[in-house]
Each structure stands twice: as C-alpha cells, then as structure tokens.
Engineer: 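After the structure tokens below, expect a handful of questions from me.
Atoms considered below: every heavy atom in the structure, side chains included; atoms not considered: hydrogens, waters and symmetry mates.
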Amino acid sequence: MGLKVTVGVLLVAIVIGTFVGKMLMLHSTPEPPEYGDGWWGRGEKGEGEGDTSIRQVHINVPDSILQDLQMRLSRSRLFEPLEDAKFNYGFNPNYMQKVLEYWMNNYDWKKEQAKLNQFDHFKTFIEGIDVHFIHIKPKGVAAEKVKPLLMIHGWPGSIIEFYKIIPMLTDPLSHGGTEDDAFEVICPSIPGYGFSEAPHKQGFGIFAAARVFDKLMVRLGHDKFYVQGGDWGSAIGNSLSLIQPSHVLGYHTNMPTGQPPFHIAKMIIGSFIPTLVVDEEDVDGVFPISEKFAALLRETGYMHLQSTKPDTPGFALNDSPVGLAAYILEKFSTWTNPENLDLENGGLDRKFTMDELLTNVMIYWVNGNIASSMRFYKETIPTLLSEMKGYVVTVPTGIAIMKNEFFQPVPHTWAKQIFPNLVSYSRLPDGGHFAAMEVPTLLAEDFRQFVRKVEEKIKEA
C-alpha cells in the first residue's frame, strides 16, 4: 500500500509540474524592470541633482554619545534564564551578563573607531540623501590590472563585515594572489544603515538601493565593475544586474536566491527521490522539506516583524543598548552555525572576537538607525516575489554555497536554470551567513577564481 501511495504522489506531482510548466511556457520572460529614478530626501525634489561632490569624512563619535551609552549600560535590567536553555530561547541572559561587563569595562570604542578609520571614508549626495562608503585602492599594482569591485553588506551587518577580506583583495601579493587579483574596493553603507543617511520617504527597497549604488560607481568613474554580496547585498546585487546589466562585469554571491521552473513539483518529487531533482552533494541542503521548513520558521520570526511593523520594535532597540546587542548578536550566533543553539555562549567566539561583534552593534547604536535598517524589509519583502518573478539575471554569475548558511541553498542543477550565465558554483567547506567576516580567505579565493574565469571569457569574446 505504501508503494502505491508513493507512486501515486509522484505521478500527481509530475502531472502538476508538467501542466504548470506548459502554462509558464506560454509566457515569455518579462523585460527587466526599468532603471527609474527616485528622491528620498526631505520635502520635494528641487531642480538638478544637487551637490554631486565626493567628500572625505572621518568617523568621530562625540563623547556625549559614549557617555550616554555607559549610563544606559550601567542601568541595564537583565532577567533569569531558563535552566539549560543555552541559546534555544534566544540570547542567553547569563552570557549577556558577560557581554555587558566586557562592553562596560574592556571594550574601547576609540580604539575600534581608529580601526574603522584605517580605510578612507566618504559621503556623496545621491537621490536626496548622503550615501556613505569606504574606498580602498590597491598600491604597487599597475592600473590596467585593477578591477573595480562593489561589495554590499546585509542585515544585521555593516561595512565591518568586509574589513578582514579587503586587504586580501587590494593587496593580493601579500595574500597568496597575483597582480591579476587586485581590486579597487568600494563598500557602501545601505541607506538607513551604518553611516549613510536614512531615506525620508516610503518605498526604498532593493531596486532603489541598486540604482543608488550604480550611480555611486559611475560617479567614481566606473561604468564596468564586479559586484559581491550576501544577504541584502545579494538581493541588491541581483537587482543591479537586472536594471543595469551593461555595467556589471560579474555578480558573485554567497547567498543565492531564486526558484527554478517546476519548483513545487521538484520539491514534491525530491521528498521521495531527492537525486531525481538535485545532485547528491546538494540533497542535505534541501531535504527533508519538513526539517528545513522547521529550521527556517525558527529563524525568520524577525523577518515577519520587520516586514510588517518595523518601527514598533525600533523604539525598544533604539533605546536599549543591551536589547540591541541581544537582537543583533543572536543572529551572529545561529546564522553562523545552527549547532550554536546548544552552546552556553552561542558559539560567538568561534569565528569572531568580542570587539568586532560589539563594533558592529556600535555602528547601529551611535547612528541610531536600527529602525531604519529594519524598514528595508518592509519596503522589500511584501512585494519581493511579485517584483522578481520571471526576471532572469544574464550577467556572468558566481555562487559560493557556504556550509552553514541557514537560508536554503540553491542546488547546482537549479542554479544553472536560474542563472543561465553561471560561470562558477562552489560548495565551500566552512562558513555561514557572514562569510566575509567568518572565512575571509575562503571567500576571497572563491571570488578570485570566479573573476579569473570571467576575465578569460572576456578575452575570448
């Protein structure tokens, strides 16, 4: 009886998949979305673009903000954890007590601020708001060898995600590469994040961010460049590749997204015979569906909240530094490796130092922009599927599947259908959601080999 049911389900899935596929084939691939324009400043847009100069800036947080922080930390009100809960209920209060003590007594913002300023910081006015970015040029490499690279962070990260990997890309000779591996790196803060101004109007989502960053690159003199990112950086890079493909030499991501044709049918069939729809190496990343769905449900409660009413939790997180740290650092625990749920300290010391974790939290705190960063979900998620449906990224694409990425990876066989110009697909042996921060050497090496393949194709064309 069990065999008959299994066969019956398979036949139904095949029939449904075939029917849906034929219906989809009746429609041609839609044209990419328009490039468009926008104005995110206060009030009405005036004539012209406004000030287009590029201004160098220096991160220098006023002492009054740091003194206020110390006062708030000293008045923190923690609570008792459940016995043996570890990180299964969220950030463990016992470990938060240790984080709090370190933050108050050992963490040195002035020292960390100096580290942030080791790279040159700039701001420029685009579509009504000031966009912040760091800009690092290689030294001692012939100009014709250098390739422009736009690197985009995600949530709840910041430009600090890239501080370990930047030297590997801008100084390849000191990090196992050659002159051909040299990049001029531009890392912007997404508007509403980090040191960029927050949009003052509704509607600033991934396509608006992609357009703003494209304008930034052009303003810097680059109408041909590579793009790399995970999390929102992946979505923005994907969008930029759609609205301005002629500018994107190649798009590399460590968190690819998308669905292949017959997706539902493939998921049903794969539940019974996975290797019919994905390679053997990708089975554990996609199946069993129930297990993957349960994990996704456990880890995405924040997404529903931020996609609907982001300003409400924004009040609490903007007012309490400990609350902000718990909300952000819990992601750096579980998203780095789901096994960290069962550790007393959430495994936060496995890939990160306490200083770099707190500096990322501080970037949100000193700028007071956790609420505006969460609004990016509200502006994007509710319309994401409808806005992206059917669009095809045609630029050369490289994918790095991180071993512990908690978002469901795109299997190789599906990636070839979603990205027809797939140049590179790698299954890396380590790393999670914050790949550039966790395993910078692995990511840098994968990105380099992707670019080499793209450059070879360009030479052959």
Side-chain angles (χ1 to χ4, degrees), residues 32 35 52 54 119-122 124 126-127 131-139 141-154 159 161-162 165-172 177 179-191 196 206-230 232-254 256 393-400 419 421-424 436 443-444 446-459 461:
Y35 188 80
T52 60
I54 296 170
F119 299 135
D120 291 334
H121 293 247
F122 301 87
T124 190
I126 303 176
E127 296 192 5
V131 178
H132 163 266
F133 61 99
I134 54 175
H135 190 179
I136 309 93
K137 297 180 180 180
K139 297 177 181 179
V141 179
E144 63 271 14
K145 297 277 189 180
V146 178
K147 293 166 279 291
L149 168 60
L150 172 66
M151 298 193 80
I152 311 171
H153 69 85
I159 57 169
E161 292 182 54
F162 302 122
I165 198 172
I166 285 172
M168 301 175 186
L169 300 172
T170 57
D171 184 13
E179 282 194 343
D180 291 324
D181 300 318
F183 296 90
E184 177 182 341
V185 179
I186 296 93
C187 298
S189 297
I190 299 171
S196 281
I206 52 175
F207 285 108
R211 184 180 62 243
V212 165
F213 290 165
D214 179 62
K215 290 181 177 181
L216 169 63
M217 294 300 285
V218 171
R219 188 170 295 180
L220 293 173
H222 304 304
D223 59 4
K224 299 283 185 184
F225 51 87
Y226 286 92
V227 181
Q228 202 289 324
W232 281 131
S234 175
I236 295 170
N238 189 298
S239 301
L240 179 48
S241 299
L242 288 170
I243 64 174
Q244 196 69 289
S246 64
H247 286 184
V248 180
L249 291 168
Y251 161 58
H252 182 276
T253 177
N254 50 281
V393 172
T394 58
V395 305
T397 303
I399 290 174
F419 302 99
N421 198 356
L422 185 65
V423 174
S424 171
L443 188 64
D446 192 75
F447 179 70
R448 285 175 186 166
Q449 64 84 27
F450 161 67
V451 172
R452 291 187 198 117
K453 290 178 180 178
V454 175
E455 293 291 312
E456 193 61 37
K457 289 182 67 173
I458 293 173
K459 289 178 185 176

Engineer: Between Asp120 and His135, is there a donor-acceptor pair closer than 3.5 Å when you use the side chain of the first and the backbone of the second?
Structural biologist: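 Between the backbone of His135 and the side chain of Asp120 there is no qualifying donor-acceptor contact (under 3.5 Å).
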Engineer: Does His153 have any ring-ring contact (aromatic ring centres under 6.0 Å, His included) partners at least two apart in sequence or in another chain, and if so, which?
Structural biologist: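 If we apply the ring-ring contact (aromatic ring centres under 6.0 Å, His included) test to His153, skipping adjacent residues, the hits are Tyr193.
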Engineer: Quick one: ring-ring contact (aromatic ring centres under 6.0 Å, His included) partners of Phe119, sequence neighbours excluded?
Structural biologist: Tyr163
Engineer: Identify, with sequence neighbours excluded, every residue that meets side-chain hydrogen bond (donor to acceptor under 3.5 Å, both in side chains) alongside Lys137.
Structural biologist: none
Engineer: Might you point out which heavy atoms bring Leu242 and Pro32 nearest each other, and give the distance in Å?
Structural biologist: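 It is O-CB, 3.4 Å.
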Engineer: Taking salt bridge (Lys or Arg N to Asp or Glu O under 4.0 Å) as the cut-off, I'd like each qualifying pair that reaches into residues 142-152, sequence neighbours left out, listed once.
Structural biologist: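 Qualifying pairs: Lys145-Asp180.
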Engineer: State which residues pass side-chain contact (heavy atoms from CB on, under 4.5 Å) with Leu249; sequence neighbours excluded, sorted by chain then number.
Structural biologist: Lys224, Tyr226, Ile458
Engineer: For Tyr251, what residues pass the ring-ring contact (aromatic ring centres under 6.0 Å, His included) criterion, not counting sequence neighbours?
Structural biologist: none
Engineer: Could you go through the side-chain contact (heavy atoms from CB on, under 4.5 Å) check for Ile54 and Phe133 one step at a time?
Structural biologist: CA-CA 10 Å; Ile54 296 170; Phe133 61 99; 3.9 Å; yes
Engineer: Which atom pair, heavy atoms only, marks the closest approach of Phe213 to Ile236?
Structural biologist: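 For Phe213 and Ile236, the tightest heavy-atom pair comes out as CD1-CG2, 4.0 Å.
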Engineer: Just verifying a value: how many Å separate Ser246 OG and Asp214 CG, rounded to the nearest 0.5 Å?
Structural biologist: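 Between Ser246 OG and Asp214 CG, I get 8.0 Å after rounding to 0.5 Å.
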Engineer: Could you tell me which residues satisfy salt bridge (Lys or Arg N to Asp or Glu O under 4.0 Å) with Glu184, sequence neighbours excluded, listed by chain and number?
Structural biologist: none
Engineer: Please determine whether side-chain contact (heavy atoms from CB on, under 4.5 Å) holds for the pair Leu220 and Leu216, giving the CA-CA distance in whole Å, both sets of side-chain angles, and the decisive distance to 0.1 Å.
Structural biologist: CA-CA 6 Å; Leu220 293 173; Leu216 169 63; 4.1 Å; yes
Engineer: Kindly write out the residues that satisfy side-chain hydrogen bond (donor to acceptor under 3.5 Å, both in side chains) with Thr124, not counting sequence neighbours, or none if the list is empty.
Structural biologist: Arg219
Engineer: Report the residue from Ile134, Leu150, Ile126 that forms a side chain to side chain contact (heavy atoms under 4.5 Å, CB included) with Pro188.
Structural biologist: Leu150
Engineer: Report the distance from atom CD1 of Ile186 to atom CD1 of Ile136, rounding to the nearest 0.5 Å.
Structural biologist: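 Here the rounded value is 8.0 Å.
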Engineer: Of the non-hydrogen atoms in His222 and Pro148, which two are nearest, and what is the gap between them?
Structural biologist: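 Distance-wise, the nearest heavy atoms are ND1-CG, 3.4 Å.
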Engineer: Are the side chains of Pro172 and Arg448 in contact, using a 4.5 Å heavy-atom criterion?
Structural biologist: yes
Engineer: Test side-chain contact (heavy atoms from CB on, under 4.5 Å) on Leu149 and Phe447; report intermediate values, then the result.
Structural biologist: CA-CA 11 Å; Leu149 168 60; Phe447 179 70; 3.5 Å; yes
Engineer: Show the nearest heavy-atom pair for residues Thr253 and Gly229, with the distance to one decimal.
Structural biologist: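 Looks like OG1-O, 3.0 Å.
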Engineer: Over all heavy atoms of both residues, which pair between Ser196 and Ser189 is shortest? Give the atoms and the distance, please.
Structural biologist: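 Scanning both residues, the minimum pair turns out to be OG-O, 2.6 Å.
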Engineer: Which residues pass the salt bridge (Lys or Arg N to Asp or Glu O under 4.0 Å) test with Asp181, sequence neighbours left out?
Structural biologist: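 Asp181 satisfies salt bridge (Lys or Arg N to Asp or Glu O under 4.0 Å) with Arg452 once adjacent residues are dropped.
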Engineer: Holding to side-chain contact (heavy atoms from CB on, under 4.5 Å), I want the full list of residues that pass it with Ala444, two or more places apart in sequence or in another chain.
Structural biologist: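 For Ala444 the side-chain contact (heavy atoms from CB on, under 4.5 Å) partners, ignoring immediate neighbours, are Ile165, Met168, Leu169.
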Engineer: Go through the structure and list residues passing ring-ring contact (aromatic ring centres under 6.0 Å, His included) with Phe450, not counting sequence neighbours.
Structural biologist: His252
Engineer: With sequence neighbours left out, what residues match Asp223 under side-chain contact (heavy atoms from CB on, under 4.5 Å)?
Structural biologist: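 Checked Asp223 against side-chain contact (heavy atoms from CB on, under 4.5 Å); matches are His247.
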Engineer: What distance separates Ser239 OG from Trp232 CH2, expressed to the nearest 0.5 Å?
Structural biologist: 9.0 Å
Engineer: Could you walk me through whether Asn421 and Lys457 pass the side-chain contact (heavy atoms from CB on, under 4.5 Å) check?
Structural biologist: CA-CA 11 Å; Asn421 198 356; Lys457 289 182 67 173; 3.0 Å; yes
Engineer: Please find the pair of heavy atoms, one from Cys187 and one from Ile166, that lie closest to each other, and give the distance.
Structural biologist: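 Between these two residues, the closest heavy atoms are SG-CD1, 4.1 Å.
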